[in-house]
Undergrad: 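Have a look at this one before I ask anything.
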Protein chains: 2
Amino acid sequence: MTRCDHCIARQLSAMKSMTKEELKLVSDCKTTRFFKKGDVIFEEGEALNGVFCVRDGVAKLTKLNANGKDQTVKLLGRGDMIGQRSVISNERTNLSAVALNDIELCYVPRDQIVNPLQKNQEFSFDVLQNFAKDLKNSEDDLVNMAQKSVKQRIAETLLYVHRTFGVDANGYLSVVLSREDYASIVGTATESTIRILSQFKKDGFISTEGKLIKIENLEKLRQVE
Amino acid sequence: MTRCDHCIARQLSAMKSMTKEELKLVSDCKTTRFFKKGDVIFEEGEALNGVFCVRDGVAKLTKLNANGKDQTVKLLGRGDMIGQRSVISNERTNLSAVALNDIELCYVPRDQIVNPLQKNQEFSFDVLQNFAKDLKNSEDDLVNMAQKSVKQRIAETLLYVHRTFGVDANGYLSVVLSREDYASIVGTATESTIRILSQFKKDGFISTEGKLIKIENLEKLRQVE
DNA sequence: TTTAAAATATGATAATTGTCATGTTATGTG
DNA sequence: CACATAACATGACAATTATCATATTTTAAA
């Protein structure tokens, strides 16, 4: 079994401030899980008795609204933790997690997270700082959602995916999302997303190859109004 | 000077898990500040070297967007803490705080919050749980903003204000917000807000008396589509 | 490889929301 | 009280976005 202290995810997550002993416990208890593209990792309303840590791959957190539509709340990549909140507040999760491509997760039981949280000040302060950052991002997202046009939100999502997950050898966004995925992130109809992406193509801001998207002009995308 | 251990705000905030000694320090260091309706408590971009705790009154947290419009991110009432995040992440605040009516705040210097956070496990876990709750709310807000109509968002805001801050002796919402305030919360034009509130009046969902709003039919407001 | 299903694309049209103009009503200040 | 200012209200119109219909293309499975 892979040891946690070598895991690349550790470099990126709050777990970097766990002690060697704590990390050893995590290492011993954790189980590694693989999910295929499209697999549901957990469903809204489930009780999570542990935390997932993304070792490799990308997942989305979604929330079902009253009309039966999914809203994507967050994308998660390497080093991100899933389910910390539910574990800390001891509530069922209010989000579903779905794999966007093949993904490898470590599942760490609740106790191995909560115990260090209650004993290791550095770790708990780190998690607190992560939460503070998440909250700030969340506020920014809210303002964007409230005040920007669909076109702007799509442009920003493309830039976000580019910035966060990078590009493949040919310059295409390495995370491949369907038009419906993009629609679910910006909170609009799939048709609107398709139309706007087509427009971006005509404008030369992006190019596509099947489902792959390449950003051709970062600056123009930033200036979309 | 009023002692913190008698403060009603303490019953509601994470400070309830501070030790007597910690609370004594807070009590000795804190300063009480009064703001009048409309006063700016602090501005986006300021460095906050402490935390505000709402003793009485209501404030809003707003964020300026690129077009110069304010988005209201959160309303704060008795027992709510303002500025914890900036203090914890050691960053300048990304929000402004404005008094919505006459308000009394306690200002607690940074150290009196951060030191207990680094020493008192119970307190820091409590703050963590508060953050977890805030994050969940924030996600819910995002989904609402993304997927509900302006009309629904206004109806929900009325219900929220009713639920959170209650009504006066005559049944009017005890927090009095301008149409512009409501617009800034739901992220729409002031005129749209005025129109929709007029419609709600015609429909008999609410009644008004000057700026005062009374909810006449909770159930109908909940069912708005 | 064939074929069904899913994803993408686009037109037509409706619904929602924003913007600008303009008038009325409250509110507060000298 | 008078007056200036801000808040509220409403019409007319424009812009954005959603919805429905219908092709076309891509993908995946038999």
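So that the names make sense, note that chain A is the first sequence line, chain B the second, and so on, each numbered from 1. Just so you know, these numbers come straight off a predicted model, no measurement behind them. The analysis underlying the following values was restricted to heavy atoms, covering all of them including side chains, and did not include hydrogens, waters or symmetry mates.
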Undergrad: Between D141(B) and K74(B), does at least one N-O distance fall below 4.0 Å, as a salt bridge requires?
TA: no

Undergrad: Figure out the CD1/C1' separation between I194(A) and dT17(D), and round it to whole Å.
TA: 14 Å

Undergrad: In whole Å, what is the span from the CG atom of L212(A) to the P atom of dA7(C)?
TA: 16 Å

Undergrad: Looking at S198(B), does any N or O in its side chain come under 4.0 Å of the phosphate oxygens OP1/OP2 on dC8(D)?
TA: no

Undergrad: For K151(A) and for R179(B), locate the closest nucleotide of DNA chain D by heavy-atom distance; then report the residue assigned to the nucleotide nearer the 5' terminus.
TA: R179(B)

Undergrad: Report the distance from atom NZ of K202(A) to atom P of dT10(C), rounded to the nearest whole Å.
TA: 6 Å

Undergrad: Should the pair D102(A)-K37(A) be classified as a salt bridge under the 4.0 Å nitrogen-to-oxygen rule?
TA: no

Undergrad: Tell me whether the side-chain N/O atoms of S178(B) come closer than 4.0 Å to OP1 or OP2 in dA6(D).
TA: no

Undergrad: Does the pair E156(A)/K148(A) count as a salt bridge with the N-to-O cut at 4.0 Å?
TA: yes

Undergrad: Specify the separation, in whole Å, of atom CD of E191(A) and atom C1' of dA15(C).
TA: 15 Å

Undergrad: Does the dG18(C) base have a donor-acceptor partner in the side chain of R195(B) within less than 3.5 Å?
TA: no

Undergrad: How long is the line joining CD of Q199(B) and C1' of dT17(C), in whole Å?
TA: 15 Å

Undergrad: Pick out which of L158(B), T188(B), T72(B) makes a side-chain contact (heavy atoms from CB on, under 4.5 Å) with Y182(B).
TA: L158(B)

Undergrad: Scan side-chain atoms only and decide if K201(B) and T208(B) contain a donor-acceptor pair under the 3.5 Å cut-off.
TA: yes

Undergrad: Atom CD1 of I206(B) and atom P of dC8(D): how far apart are they, to the nearest Å?
TA: 12 Å

Undergrad: In whole angstrom, give the distance that lies between atom CG of L197(B) and atom C1' of dT10(D).
TA: 14 Å

Undergrad: Could you tell me whether T190(B) contacts a base, only the sugar-phosphate backbone, or nothing, with contacts defined as non-hydrogen atoms closer than 4.0 Å?
TA: nothing

Undergrad: Separation of I154(B) atom CD1 from dG18(C) atom P, in whole Å?
TA: 9 Å

Undergrad: Below the 4.0 Å mark, does dT16(C) have OP1 or OP2 next to a side-chain nitrogen or oxygen of S149(B)?
TA: no

Undergrad: Mapping L177(A) and K211(B) onto DNA chain C by nearest heavy atom, which one lands closer to the 5' end?
TA: L177(A)

